[in-house]
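Down below is the structure, laid out as structure tokens.
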Amino acid sequence: MDATKKRLEDFSLLDPQVQDDPFGMYEAIQAYPGIYQMPETGFFIVSRYADLRAVLTDPVTFSNDVDRASLQGPELSDKHQHYLSAHGWPHIQTLQRTDAPAHSRYRKLVDRVFTLGRVREMTPHIEEVANRLIDSFAGRGECEFISEFAMLLPGIILAEQMGLAPTEVATFKRWADAMLAPASRQMNEEELRTVADIELEAQHHLARMFDDRRANPQPDLISGLVHAHAEGEEPLSMAELQSVMSQLIGGGFESTMTAIGHAMLQLIRHPEQMQELRDNPALIKGFVEEVIRIESPTQGLRRRATRDVELSGTLIPEGSVVVVRYGAANRDPAKFVCPHQFDMKRSNAGTHLAFGAGAHFCVGAVLARQEIATGVLTMLARLDDIQLARPLTEPIHRPNFLTLPLRELPIRFKAKA
């Protein structure tokens with residue numbers, strides 16, 4: 001026990017090396033306390049599967065209202081919000097950042113937009129975009145998979161839904177990166193001002209689009225949000241629309257891009273499973289769930305304790321920030337046999353918590369799964385002999401407190417005739 005505790009003292013979740021490969025630290029937390037308080041921030045890290053489910057399904061004790069729970073600290077966070085408020089719209093609490101009954105209103109409206117039927121209608125277009133991307137590099141016999149496919153597939157789909165042309169996906173990514181930055185890494189005041197200015201560009205573009213879609217509805221996400229309310233219901237305000245859209249961009253872009261990148265890396269690392277998936281595409285559902293389990297795109301999100309509560313023998317005081325670490329729980333040996341082994345036929349892969357649980361289960365999960373599945377199957381249908389073009393340079397992930405994004409994935413292949 002003392003040796004395990006000593007190991008924990010050598011780790012930090014703010015260390016880029018640990019963020020690149022956090023699973024050793026997760027094992028140490030699970031083996032000894034289960035709950036770990038970060039000395040740098042005071043956040044309580046929840047690592048075991050059973051504890052995560054307990055937190056995720058008890059929003060009364062573990063609130064989603066965590067507006068001041070920032071890596072930047074309250075002073076810089078307040079300055080950041082005041083700057084956004086003065087020039088655009090602040091990050092008000094909506095959807096993922098609220099509890100019932102407020103959450104129920106937002107969720108009902110957004111669920112009307114993210115329907116299974118809408119995703120089914122989008123699937124042929126997702127396939128079209130995937131094939132168009134492959135057309136752009138198939139003849140070269142190699143590509144940088146993250147920037148040329150994994151980023152562009154969900155990026156183009158979401159950019160189009162925001163009223164941008166597919167050629168403007170770089171602008172969309174710049175906006176998305178700025179929106180996610182404050183929650184992803186510690187920053188100084190100048191850096192926060194820079195990302196705020198970029199986010200304000202996105203806000204004012206979205207404001208114009210929201211106003212336009214009120215008068216001229218289109219078959220896109222923005223129109224869906226503007227017109228989601230039924231007769232007698234209050235429509236979302238501009239500030240609410242901005243907040244909801246910011247969350248959908250974070251969940252629908254960065255995490256999906258990350259999952260598609262890791263899906264390809266797992267195929268390359270397990271060529272026998274790649275071949276099996278080629279031979280039997282019906283295995284794609286299990287493959288997608290196992291990718292999401294083993295390399296949880298979102299490693300963790302925050303909650304706030306509304307009362308003193310004990311979890312795994314650790315007292316968490318009222319008001320504390322609690323980080324549910326999906327990446328740890330999804331490799332908990334108490335839940336998953338040989339948790340670090342990739343197995344697309346794993347019988348319980350679908351019980352992972354990467355999309356959350358309970359009332360706050362990820363609203364975009366159906367779309368994310370479809371984009372991952374379509375992206376992988378289209379690559380396998382079009383390209384043979386996929387492998388790394390060169391060894392990956394370590395660290396292989398970009399530093400990030402909340403997600404696990406690959407820096408790059410250079411691959412080579414043979415295009416099918």
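Quick caveat: nothing in here was measured; it's all calculated off a predicted structure.
Using a cutoff of 4.0 Å between basic side-chain nitrogens and carboxylate oxygens, Glu127 and Arg132 are not scored as salt-bridged. A salt bridge links Glu233 with Lys108; the closest basic N to acidic carboxylate O contact falls under 4.0 Å. Ion pairing of Glu168 with Lys173 is absent here, as no side-chain N (NZ or NE/NH1/NH2) approaches a carboxylate O to less than 4.0 Å. Ion pairing between a basic and an acidic side chain is recognised when a charged N comes within 4.0 Å of a carboxylate O; Arg174 and Glu201 show such pairing. With salt bridges taken as basic N to acidic carboxylate O contacts below 4.0 Å, one links Asp211 and Arg214. A salt bridge links Glu289 to Arg369: at least one charged side-chain nitrogen sits closer than 4.0 Å to a carboxylate oxygen. We find that Glu142 and Arg390 are not joined by a salt bridge, their nearest charged nitrogen and carboxylate oxygen being 4.0 Å or further apart. A salt bridge between Asp384 and Arg278 is present, with a side-chain N of the basic residue lying under 4.0 Å from a carboxylate O of the acidic one. Taking 4.0 Å as the cut-off between side-chain N and carboxylate O, Lys345 and Glu290 do not count as a salt-bridged pair.
A distance-only check finds a donor-acceptor pair linking the side chain of Arg346 to the backbone of Gln341 [under 3.5 Å]. Between the side chain of His82 and the backbone N or O of Ser77 there is no donor-acceptor pair closer than 3.5 Å. A donor-acceptor contact shorter than 3.5 Å links the side chain of Gln299 to the backbone of Ser296. Not a single donor-acceptor pair under 3.5 Å links the side chain of Asp20 to the backbone N or O of Leu404. Looking only at distances, a side-chain donor or acceptor of Thr194 sits under 3.5 Å from a matching main-chain atom of Glu190. Under a 3.5 Å cut-off, the side chain of Glu199 and the backbone N or O of Met179 do not form any donor-acceptor pair. With Ser243 contributing its side chain and Ile92 its backbone, the two residues share a donor-acceptor pair below 3.5 Å. Of the possible donor and acceptor atoms, none in the side chain of Glu160 sits under 3.5 Å from a partner among the backbone N and O of Pro166. Not one N or O on the side chain of Arg303 forms a donor-acceptor pair closer than 3.5 Å with the backbone of Asn64. For the pair His80 (side chain) and Glu189 (backbone), a donor-acceptor distance under 3.5 Å is absent.
Of all heavy-atom pairs between Ile260 and Pro154, the closest is CD1-CD, 4.0 Å. Taking each heavy atom of Leu153 and Ile126 in turn, the nearest pair found is CD1-O, 3.8 Å. Of all the heavy atoms in Met344 and Glu276, the pair that sits closest is CE-CB, 3.7 Å. In terms of heavy atoms, Ala359 sits closest to His103 at O-CE1, 3.1 Å. Here the shortest heavy-atom pairing between Gly155 and Val169 reads C-CG2, 3.5 Å. When all heavy atoms of Thr314 and Pro33 are compared, the closest pair comes out as OG1-O, 4.3 Å.
Between Asp332 and Gln30, some side-chain heavy-atom pair lies under the 4.5 Å cut-off. Looking only at side-chain heavy atoms (C-beta outward), Val324 and Phe62 stay at 4.5 Å or farther from each other. Proximity of Arg407 to Pro399: side-chain heavy atoms (C-beta onward) are separated by under 4.5 Å at one or more points. Counting heavy atoms from C-beta on, the side chains of Phe342 and Val291 come closer than 4.5 Å. Taking 4.5 Å as the limit, some side-chain heavy atom of Thr378 sits within range of a side-chain heavy atom of Ile134. Looking at Asn348 and Lys335, their side chains come closer than 4.5 Å, going by heavy atoms from C-beta outward. Looking at heavy atoms from C-beta onward, Leu409 lies in side-chain contact with Leu392 at the 4.5 angstrom threshold. Side-chain contact between Tyr106 and Leu236 is present, with at least one heavy-atom pair separated by less than 4.5 Å.
Less than 6.0 angstrom separates the ring centroid of His397 from the ring centroid of His262. Ring-centre distance between Tyr326 and Phe355: not below the 6.0 Å cut-off.
For Arg325 and Tyr26, the positive end is not near the middle of the six-membered ring at less than 6.0 Å and at most 45° from its axis.
The distance from atom CE of Met245 to atom CD1 of Ile249, rounded to the nearest 0.5 Å, is 4.5 Å. For the atom pair CG (Leu277) and CD (Glu272), the distance works out to 11.5 Å, reported to the nearest 0.5 Å. Between the CG atom of Leu8 and the CE atom of Met38 there is a distance of 12.0 Å, given to the nearest 0.5 Å. Interatomic distance, CG of Leu402 versus CD of Gln19, reported as 9.0 Å (0.5 Å rounding). Distance check, rounded to the nearest 0.5 Å: CZ of Phe114 to CG of Leu109 gives 13.0 Å. With rounding to the nearest 0.5 angstrom, the CG atom of Leu265 is 6.5 Å from the CG atom of Leu388.
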Worked verdict on Arg304 versus Ser320 for side-chain hydrogen bond (donor to acceptor under 3.5 Å, both in side chains): CA-CA 6 Å; Arg304 176 177 54 82; Ser320 297; over 6 Å; no
Verdict with reasoning, Ile157 to Gln370, per side-chain contact (heavy atoms from CB on, under 4.5 Å): CA-CA 12 Å; Ile157 299 300; Gln370 187 61 60; over 6 Å; no
side-chain hydrogen bond (donor to acceptor under 3.5 Å, both in side chains) assessment of Thr94 paired with Gln247: CA-CA 9 Å; Thr94 62; Gln247 292 174 67; 2.9 Å; yes
Check against side-chain hydrogen bond (donor to acceptor under 3.5 Å, both in side chains), His229 and Glu234: CA-CA 7 Å; His229 58 285; Glu234 185 178 353; over 6 Å; no
Candidate pair Glu144 and Ser147, rule side-chain hydrogen bond (donor to acceptor under 3.5 Å, both in side chains), full reasoning: CA-CA 6 Å; Glu144 198 293 288; Ser147 61; 2.7 Å; yes
Salt bridge (Lys or Arg N to Asp or Glu O under 4.0 Å) evaluation trace for Arg398 with Glu254: CA-CA 12 Å; Arg398 287 187 281 113; Glu254 174 89 3; 3.5 Å; yes
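Using cut-offs of 30° and 60° on the angle between ring planes, the pair His205 and Trp175 is tilted. Taking the six-membered ring where the residue is Trp, Phe137 and Phe149 present perpendicular rings, their angle passing 60° and hence far from 30°.
Side-chain polar atoms of Tyr49 and Asn330 form no donor-acceptor pair below 3.5 angstrom. A donor-acceptor pair shorter than 3.5 Å can be found between the side chains of Glu40 and Ser12. Looking at Gln275 and Asp279, their side chains do bring a donor and an acceptor atom within 3.5 Å of each other. When only modelled atom types and interatomic distance are considered, Gln161 and Asp220 share no side-chain donor-acceptor pair under 3.5 Å. A donor-acceptor pair shorter than 3.5 Å can be found between the side chains of Gln387 and Arg412.
Under a cut-off of 6.0 angstrom, the local environment of CZ in Arg185 is sparse, with at most 12 non-hydrogen atoms contributed by other residues, nucleotides or ligands. Environment of CD in Glu394: sparse, with no more than 12 heavy atoms of neighbouring residues, nucleotides or ligands closer than 6.0 Å.
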